[in-house]
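Here's the structure we're looking at; comments come further down.
In this chain, residues are counted from 1 in sequence order.
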Amino acid sequence: MSERKVLNKYYPPDFDPSKIPKLKLPKDRQYVVRLMAPFNMRCKTCGEYIYKGKKFNARKETVQNELYLGLPIFRFYIKCTRCLAEITFKTDPENTDYAMEHGATRNFQAEKLIEEEEKKIQQEREEEELNNPMKVLENRTRDSKMEMEVLENLQELKELNQRQAQVDFEGMLDQYKEMERRQREREKEEDERETKEMLERALVKRLRDSDSEEEAENAKDRGRKPTADKPTDILTTDGSSGSQGSSSVSVKKQKVESWERSVGGLGGKGALGSLVVRKKPAHSGCKPVSTAPRQAADTQTGTGAAKPESSTASNGQPAASQNGSSLSLLGAYTDSDDSNSD
């Protein structure tokens with residue numbers, strides 16, 4: 001098992017390497033290699049597009065009788081992925097690129113075209129300068145002028161960068177904030193002034209409206225009939241009087257007079273004496289005949305207005321007037337009853 005790891009082999013003393021037979025291989029021998037498509041191409045047989053980077057198992061061979069500065073040129077054979085048609089291309093060490101040979105066409109590449117144009121222009125210029133010294137001077141003058149323009153542009157860019165570097169952005173932001181604050185304060189003051197003016201106008205209008213309303217109410221109160229403030233004021237009004245009072249004094253006087261007529265004056269002794277009468281004891285042998293119930297019934301049924309003759313004939317007391325109260329009449333009848341019982 002240790003023999004397979006042997007690094008040095010045994011050579012016998014009579015070993016002659018020149019006697020080893022050499023393997024003779026053809027010069028155009030092909031090798032199978034794994035490569036990627038070096039550029040975009042399109043198959044001529046089926047029109048299939050093969051993009052750059054597509055991997056293939058290609059056959060490589062050395063191109064016979066073709067060298068570039070002693071460097072060999074290799075040819076590669078690949079097959080189309082769709083129709084299996086053979087496509088060949090070879091190396092181009094002169095342009096450090098690959099050149100299409102057979103079976104496909106190379107797609108357009110703008111970068112390569114630009115490079116070729118630049119190389120062509122450079123070659124023409126060199127040839128022209130080689131035979132014309134004045135053209136060399138013109139080209140140098142044009143080149144120096146272009147260099148000056150490039151330097152000026154570069155200097156302008158440097159100055160612009162320095163200006164931007166010296167700008168104080170914090171100061172600019174502070175100034176902008178200050179301007180915004182002043183603008184807000186100005187707008188706030190204007191709003192407050194407008195609001196104050198509107199309130200003053202509304203207050204003046206309200207005062208004018210209230211003055212006009214008070215004048216209208218006063219005018220209505222002058223031409224309106226005085227109304228009762230309390231429900232009991234109905235008793236104090238005289239039903240027969242249809243005229244309206246011109247002043248508060250006359251109205252109060254009428255109320256007092258109507259109260260005295262309906263209830264009677266309570267302040268006088270004569271009225272109280274007529275209401276309160278001391279009852280005398282009746283005689284044992286005789287039963288008095290009283291006419292008070294009948295008179296009271298007459299008073300309740302509506303004939304309460306007693307005749308002046310009956311009131312004066314009973315005890316000689318003064319009779320109540322036609323507008324007198326029912327309480328005074330009741331006292332008078334009671335007094336007359338007592339006199340009859342005597």
Within the structure provided, determine whether [X] and [Y] are in side-chain contact (heavy-atom separation under 4.5 Å).
X: N131; Y: E127; result: no
X: L154; Y: K158; result: yes
X: R59; Y: E86; result: yes
X: E152; Y: Q155; result: no

Residue that, paired with E48, satisfies salt bridge (charged side-chain N to carboxylate O under 4.0 Å, His left out) out of R42, R82, K54, K79: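 Result for salt bridge (charged side-chain N to carboxylate O under 4.0 Å, His left out) with E48: R82.
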No-hydrogen, no-angle side-chain donor-acceptor test under 3.5 Å, Q122 and R125: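 Side chains of Q122 and R125: no pair found under 3.5 Å.
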Test side-chain contact (heavy atoms from CB on, under 4.5 Å) applied to M198 and R201, step by step: CA-CA 5 Å; M198 291 175 64; R201 288 197 297 268; 3.3 Å; yes
[X] with [Y], same ILVMFWY side-chain cluster at under 4.5 Å:
X: I78; Y: I73; value: no
X: M41; Y: F74; value: yes
X: I87; Y: V63; value: no
X: I20; Y: Y11; value: yes
X: F56; Y: Y98; value: yes

Stepwise side-chain contact (heavy atoms from CB on, under 4.5 Å) test for V204 and E200: CA-CA 6 Å; V204 171; E200 289 178 356; 5.5 Å; no
What distance separates [X] [atom1] from [Y] [atom2], expressed to the nearest 0.5 Å?
X: L203; Y: K205; atom1: CG; atom2: NZ; answer: 12.5 Å
X: Q175; Y: K177; atom1: CD; atom2: NZ; answer: 12.5 Å
X: R106; Y: M100; atom1: CZ; atom2: CE; answer: 8.0 Å
X: R142; Y: L137; atom1: CZ; atom2: CG; answer: 11.0 Å
X: M148; Y: L151; atom1: CE; atom2: CG; answer: 6.5 Å
X: E115; Y: E117; atom1: CD; atom2: CD; answer: 11.5 Å

Results of ring pair (Phe, Tyr, Trp, His ring centres under 6.0 Å) for Y31 - residues two or more places apart only: none
Test ring pair (Phe, Tyr, Trp, His ring centres under 6.0 Å) applied to F76 - qualifying residues, sequence neighbours left out: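 Ring pair (Phe, Tyr, Trp, His ring centres under 6.0 Å) check on F76 returns F89.
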E185/R181 ion pair, N-O < 4.0 Å: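 The answer is yes: the pair qualifies as a salt bridge.
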Salt-bridge present (E178, R182; N to O < 4.0 Å): yes
CA sep, side-chain torsions, deciding dist, call: R140, E129, salt bridge (Lys or Arg N to Asp or Glu O under 4.0 Å): CA-CA 11 Å; R140 288 179 181 177; E129 289 177 356; over 6 Å; no
C43 to A85 - nearest heavy-atom pair and separation: SG-CB, 4.4 Å
Partner set under side chain to side chain contact (heavy atoms under 4.5 Å, CB included) for K52, not counting sequence neighbours: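 Once residues adjacent in sequence are excluded, the partners of K52 under the side chain to side chain contact (heavy atoms under 4.5 Å, CB included) criterion are N40.
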Heavy atoms of other groups near R208 CZ, more than 12 under 6.0 Å: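 Counting neighbours around CZ of R208, 12 or fewer heavy atoms of other residues, nucleotides or ligands fall under 6.0 Å, so no.
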Y176 atom OH: more than 12 heavy-atom contacts under 6.0 Å: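 Atom OH in Y176 is not crowded, with 12 or fewer foreign heavy atoms closer than 6.0 Å.
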Residue of the set T91, D97, T96, D92 for which side-chain contact (heavy atoms from CB on, under 4.5 Å) holds with E94: D92
